[in-house]
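All heavy atoms count here, side chains included; hydrogens, waters and symmetry mates do not. Numbering starts at 1 and runs along the sequence shown.
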Amino acid sequence: VQLQASGGGLVQAGGSLRLSCEVSGDTLSGYAMGWFRQAPGKEREFVATINLSGDLTYYADSVKGRFTISRDNVKNTGYLQMSSLKSEDTAVYYCAARPRLVGSRRSDYKYWGRGTQVTVSS
């Protein structure tokens, strides 16, 4: 399973971005997805996760109410819609996948994509 994240960029505080995570090598419908981020000098941290069918989601407290995770199993793509962005959201964002169950720990996930940089200017 290969994952490719895209959609990062430079945005002003208060703005929005949508990240995409395209999955290849298998059908997305068999995998829960997660998004993590890593700021310079910090550990990679959990952002959001979504179950197989997309009707169950969990978020880190720091992004709850501002970010929305979703998926399109037909397109084999996951998404992270980010709104009301803050400077502290600046990080490299990674998408990840694991069979069946959602997870919030980095160790839960077997498959990872390369990150996409999100920079929020204040």
(Q) Please evaluate residues Leu28 and Met33 with respect to the criterion side-chain contact (heavy atoms from CB on, under 4.5 Å), reporting the C-alpha separation (whole Å), side-chain torsions for both, the decisive distance (0.1 Å), and the verdict. (A) CA-CA 9 Å; Leu28 179 60; Met33 293 194 71; 3.5 Å; yes

Q: Go through the steps to decide whether Met82 and Trp35 satisfy the test side-chain contact (heavy atoms from CB on, under 4.5 Å), and finish with yes or no.
A: CA-CA 12 Å; Met82 306 184 295; Trp35 286 92; over 6 Å; no

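Side-chain N or O atoms of Asn76 include one that pairs as donor or acceptor with a backbone N or O of Asp26 at under 3.5 Å. Without hydrogens or angle criteria, Arg18 side chain to Gly7 main chain gives no donor-acceptor distance under 3.5 Å. When atom types are taken as modelled, the side chain of Arg66 and the backbone of Ser84 share a donor-acceptor pair closer than 3.5 angstrom.
From Ser83, atom OG reaches atom CG of Leu17 across 9.0 Å, with rounding to the nearest 0.5 Å. Atom CZ in Arg71 sits 10.0 Å away from atom SG in Cys21 (nearest 0.5 Å). Thr49 contributes atom OG1, which lies 10.0 Å from atom OH of Tyr59 (distance to the nearest 0.5 angstrom). With values rounded to the nearest 0.5 angstrom, Gln4 atom CD is found 8.5 Å from Thr116 atom OG1. Separation of atoms SG (Cys95) and OH (Tyr111) is listed at 14.0 Å; rounding is to 0.5 Å. Separating the CG atom in Leu19 from the CD atom in Gln81 is a distance of 8.5 Å, to the nearest 0.5 Å.
A single hydrophobic cluster is not seen to contain both Tyr79 and Leu85; linkage of ILVMFWY side chains at heavy-atom distances under 4.5 Å, directly or through other members, places them apart. Follow the hydrophobic side-chain contacts under 4.5 Å out from Leu80 and you reach Val11 in the same cluster. Under the 4.5 Å side-chain heavy-atom criterion for grouping Ile, Leu, Val, Met, Phe, Trp and Tyr, Trp112 is not connected to Ile50 through any hydrophobic cluster.
When every heavy atom of Thr57 is checked against every heavy atom of Ile69, the shortest pair comes out as CG2-CG2, 3.6 Å. The two atoms that bring Asp89 and Val120 nearest to each other are CB-CG2, 4.3 Å, heavy atoms only. For Phe46 against Ser104, the heavy-atom pair with the smallest separation is CB-O, 3.2 Å. In terms of heavy-atom proximity, Ala32 sits nearest to Leu101 at CB-O, 3.2 Å. Taking every heavy atom of both residues into account, Gly103 and Asp108 meet most closely at CA-OD2, 3.3 Å. Shown here for Gln117 and Val92, the closest heavy-atom pair between the two residues is OE1-CG2, 3.2 Å.
Within 6.0 Å of the CD atom in Gln38, the count of heavy atoms belonging to other residues, nucleotides or ligands exceeds 12. Other residues, nucleotides and ligands contribute only 12 or fewer heavy atoms inside 6.0 Å of the NZ atom of Lys42.
The side-chain hydrogen bond (donor to acceptor under 3.5 Å, both in side chains) check on Glu45 picks up Arg37, with sequence neighbours excluded.
Relative orientation of the Phe67 and Tyr93 rings is tilted, given thresholds of 30° and 60° on the angle between their planes.
Cation-pi geometry between Arg106 and Phe36 is not met: the NZ or CZ atom fails to fall both under 6.0 Å from the ring centre and inside 45° of the normal.
Side chains of Tyr31 and Val23 form no contact here, defined as non-hydrogen atoms less than 4.5 Å apart.
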